[in-house]
Amino acid sequence: MASNQAPVKLVNESAVEFLTTEMVEAMIRTIKDDAIRLGTDKDPSLGSPNDGTGGPKDYSEGDEAMEAVYYKLEMIGFRVGERLIEKISKDRMRFSDNLDVVKFVCKEVWMFLFKKQVDNLKTNHRGVYVLQDNSFRWFTRMAHDQSSAESVKKVTPYLWFPCGILRGILSNLGIASVVVAETSSLPACTFQIKIAKTA
Amino acid sequence: MANINISCIAIIGKQNNPLFIKNFNPSHADLKYHYIAHTSCDVMEERATMKAQDMYLGVLFSMEDLSVYGYMTNTKIKFITVLTVPDVIIKDLDMKNIFRRIHAAYVNHASNPFYEIDSEKMIKSKKFEQEIEAIGRGRALEGGNRNSLPATAP
């Protein structure tokens with residue numbers, strides 16, 4: 001019987017990792033540059049990205065420029081997530097409820113993106129879900145000293161893109177949500193999904 | 001396989017906004033298909049809550065010489081196929097195949113980063129139109145095994 005399915009196209013994983021890592025770096029670099037050039041950089045004591053000392057700086061969270069970076073990275077992730085779910089959910093039965101959707105994210109989406117499933121899912125049954133990944137694939141190749149507060153802060157921007165992906169996935173399935181990620185010890189990280197209560 | 005005469009393929013977005021309507025049967029005005037697509041929205045929402053598992057919603061309703069089939073994706077995009085009622089019974093499997101092809105064409109189009117998923121604008125893409133045209137006229141995909149439709153009026 002002739003197969004009428006197109007062969008599955010694969011992407012080289014290292015290419016994806018390089019791209020996502022560099023995307024965060026480039027975003028920070030370009031926005032910080034703009035902020036310095038326009039004189040709106042609120043915290044020049046942190047130095048500029050190109051002052052030669054190399055590596056990501058410890059950007060404080062109140063910084064306007066970092067908020068712009070957060071917004072952009074999260075929106076990129078959002079749009080990627082929207083399209084991702086269209087592709088992945090194409091051959092799947094309809095979802096029965098929010099818990100079903102989150103379980104799908106934990107299993108199939110994570111398998112698709114990170115080749116593993118989420119290690120732990122907790123919920124308070126009132127719209128808050130906590131996804132715990134003990135070995136986040138995009139962090140496994142980052143040099144770090146285990147739980148130092150510094151490395152935890154440096155890694156924060158790299159979580160914004162996956163947060164956006166999750167929010168995009170949920171949004172295209174009709175679920176409004178807020179996704180926040182945190183990491184206390186690399187390479188583990190947790191994503192917290194807060195789903196808005198429907199009336 | 002029965003010869004299926006597709007009159008119209010319509011795609012409705014999440015906010016029940018029309019995304020794409022293609023008329024294959026010149027004997028009915030486009031406006032009629034807009035009307036049909038509009039009435040189908042309510043029927044589909046109702047069927048979707050009843051038939052909780054499957055994306056394929058079956059026959060929604062029929063009017064005069066047309067019967068309307070619906071399909072709603074997980075992302076709340078609705079596909080509607082309007083057929084001129086044939087003499088033989090239409091199998092569910094055939095309709096599901098048609099919807100699967102429409103879904104594949106839509107997913108391919110949505111993957112375009114320049115397409116705004118929630119823009120409320122109609123879909124304007126040559127490639128997408130060609131794919132839907134091919135589905136509507138019953139032409140085979142590469143490797144497919146469909147019979148082609150009898151030639152429609154030029």
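In what follows, every heavy atom counts, from backbone to side chain, and hydrogens, waters and symmetry copies are set aside. Chain identifiers are assigned alphabetically (A, B, ...) following the order of the sequence lines, protein sequences preceding nucleic acid strands; residue numbering begins at 1 within each chain.
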Can you tell which of B:T75, B:T73, B:D54, B:N112 has the highest number of heavy-atom pairs within less than 4.5 Å of chain A?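 Among the listed options, the one with the most contacts to chain A is B:T75.
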Which distance, rounded to the nearest 0.5 Å, do you find between the CE of A:M93 and the CE of B:M55?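 Between atom CE of A:M93 and atom CE of B:M55 there are 6.5 Å.
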Proximity of residues 121-128 of chain B to chain A, residues having a non-hydrogen atom under 4.5 angstrom: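 Under the 4.5 Å heavy-atom cut-off, nothing qualifies.
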Which of residues 103-111 of chain B get closer than 4.5 angstrom to chain A, counting heavy atoms alone?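 Listed by number: B:H103, B:A104, B:Y106, B:V107, B:N108, B:A110, B:S111.
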Heavy-atom contacts under 4.5 Å, residues 74-86 of chain A to chain B: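 The stretch touches chain B at A:R79, A:E82, A:R83, A:I85, A:E86.
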Per-residue contacts, residues 103-124 of chain A versus chain B, heavy atoms under 4.5 Å: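 At a heavy-atom separation under 4.5 Å, chain B is reached by no residue of residues 103-124 of chain A.
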If hydrophobic clusters are built from ILVMFWY residues whose side chains come within less than 4.5 Å, do [X] and [Y] share one?
X: B:I21; Y: B:Y71; value: no
X: B:Y33; Y: B:F24; value: no
X: B:L83; Y: B:I80; value: no
X: A:V130; Y: A:F136; value: no
X: B:I12; Y: B:I9; value: no

Should we count NZ of A:K72 as having more than 12 external heavy atoms under 6.0 Å?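 Open.
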Is atom CD of A:E13 surrounded by more than 12 heavy atoms (other residues, nucleotides or ligands) closer than 6.0 Å?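 It does: A:E13 CD has more than 12 such atoms within range.
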Quick one: are B:R100 and A:K90 in side-chain contact, heavy atoms under 4.5 Å?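 Yes. Closest side-chain heavy atoms under 4.5 Å.
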If only side-chain N and O atoms count, and only distance matters, is there a donor-acceptor pair under 3.5 Å linking B:K14 with A:N172?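 There is such a pair (donor and acceptor under 3.5 Å, judged by atom type) between the side chains of A:N172 and B:K14.
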